[in-house]
Amino acid sequence: MELRLVDQVAVITGGSRGIGKAIATAYAEAGAQVFITSRKADACEAAAAEIGHGCGWEAGNAGDPADAERVLDTALERYGAVDILVNNAATNPYAGPVIDVDLARWDKTFQVNVTAPLVWTQLAWRKHMADHGGVIVNTSSVGAFNTSSIIGVYDITKSALVHLTKQLAAELGPGVRVNALCPAVVKTDFAKALWEGDGEERLSKLYPLGRLGTPEDIAGAALYLAADTGSWITGQTIVLDGGGEVAFGKLE
Ligand SMILES: NC(=O)c1ccc[n+]([C@@H]2O[C@H](COP(=O)([O-])OP(=O)(O)OC[C@H]3O[C@@H](n4cnc5c(N)ncnc54)[C@H](OP(=O)(O)O)[C@@H]3O)[C@@H](O)[C@H]2O)c1
């Protein structure tokens, strides 16, 4: 069995940098026709050029259903399929106790982190996967399993995404497999507040594997789930935490 994605079309939200770009690169190197999207056209264009392998792109806000439809229609018109969908874009506009959050930022966090993966999956299902099968990979977080005094709202959305993953896996089989990735701290812009300064050294010492995650660490699992290697896995979450759980006694 090979970790190959030949003749597969893969659409990746939040594909212009960080984990999404690493997943796009891994998929392209495995033979997939990759199509990335994020809000900024210039960032998508530059990332697609770096990814190579004929990577396509279309800018759009993952949290806007009209943008989702336009992006997926562009991919379908260009390549005739959406075999793999990676719901990877996320937002974290609020830091602080959940009890104090304003509803505007609560709603925005849910819109991008939970509603968008549902909408993109609905569209991919209705336009292609219901008839042809497919794979959905959702990027959640170890935060899904924890409380936090700072990113509690974000963690609630990631917990909802884990449950959405299970629910959709139950509904969309046998044709479509739906799984989630739950990384701990990965060295990207998104998590910069955690690793800048002395954060990286301090955190790295706590992980049995002695370092923070890289986007490529996460891409390896995303490839495993999308390829035939993941053929009997659905409704699952894969935790990628450098051993954090066994060190802390909980997912952190
Ligand atoms: N880094 C970590 O430690 C960590 C840990 C656990 C889980 N995660 C999850 O991993 C995923 C990727 O995070 P990352 O660390 O790779 O972040 P990143 O490096 O900041 O990349 C985020 C990507 O998403 C795009 N994006 C952001 N908001 C968007 C929106 N509303 N619509 C469309 N695209 C949007 C960004 O491009 P534009 O700015 O051009 O839109 C960019 O391509 C997220 O789901 C995050 O929650 C990250």
Side-chain angles (χ1 to χ4, degrees), residues 11-26 34-48 50-51 55 57-68 70-72 85-94 105 107-117 119-120 137-146 148 150-151 153-162 164-165 180-196 199-200 203-204 207 211-219 221-222 237-242 244 251-252:
V11 174
I12 295 133
T13 73
S16 67
R17 61 172 191 265
I19 292 168
K21 185 177 165 206
I23 293 173
T25 303
V34 167
F35 190 84
I36 60 167
T37 179
S38 81
R39 290 165 301 181
K40 299 183 195 94
D42 54 348
C44 285
E45 187 174 18
E50 252 183 83
I51 292 163
C55 177
W57 63 272
E58 177 76 18
N61 184 343
D64 179 340
D67 280 11
R70 177 174 51 76
V71 170
L72 281 173
L85 170 65
V86 183
N87 289 307
N88 171 74
T91 193
N92 184 22
Y94 173 76
R105 280 184 289 181
D107 286 346
K108 186 180 178 194
T109 316
F110 269 83
Q111 182 192 8
V112 178
N113 298 4
V114 186
T115 308
V119 168
W120 285 73
V137 178
N138 295 321
T139 311
S140 179
S141 165
V142 289
F145 309 108
N146 261 326
S148 165
I150 300 165
I151 56 168
V153 173
Y154 167 85
D155 284 351
I156 291 168
T157 65
K158 291 301 190 181
S159 188
L161 183 57
V162 166
L164 180 68
T165 299
L181 301 169
C182 290
V185 180
V186 179
K187 216 176 151 190
T188 67
D189 290 353
F190 196 79
K192 204 168 186 175
L194 296 173
W195 56 261
E196 64 188 353
E200 180 169 7
L203 278 171
S204 295
Y207 290 119
R211 61 174 177 82
L212 302 186
T214 65
E216 291 71 26
D217 290 322
I218 314 308
T237 60
I238 295 187
V239 170
L240 302 108
D241 72 343
L251 291 160
E252 181 100 32

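Everything numeric here is computed off the predicted structure, so don't read it as measured data. FYI, the numbering just counts along the sequence from 1. We count ligands from 1, going down the list as the structure has it; atoms in each ligand are counted the same way.
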Item to check | Thr237 versus Cys182, closest heavy-atom pair with distance | outcome: CB-SG, 3.9 Å

Checklist outcome for this item: Sorted by chain and number, sequence neighbours left out, salt bridge (Lys or Arg N to Asp or Glu O under 4.0 Å) with Asp189 holds for Arg17

Item to check | Atom-level proximity to ligand 1, residues with heavy atom under 4.0 Å | outcome: Gly14, Gly15, Ser16, Arg17, Gly18, Ile19, Ser38, Arg39, Lys40, Gly60, Asn61, Ala62, Asn88, Ala89, Ala90, Val112, Thr139, Ser140, Ser141, Tyr154, Lys158, Pro183, Ala184, Val185, Val186, Thr188, Asp189, Phe190, Ala191

Next on the checklist: Has Thr109 got a side-chain atom pairing as donor or acceptor with Arg105's backbone, closer than 3.5 angstrom?
Outcome noted: yes

Checklist outcome for this item: Smallest heavy-atom separation, Asn88 atom then Gly14 atom, equals ND2-O, 3.1 Å

Checklist entry - Residues in side chain to side chain contact (heavy atoms under 4.5 Å, CB included) with Arg211, at least two apart? => result Thr214, Asp217

Checklist outcome for this item: Contacts satisfying salt bridge (charged side-chain N to carboxylate O under 4.0 Å, His left out) that involve residues 137-146 (not counting sequence neighbours) are none

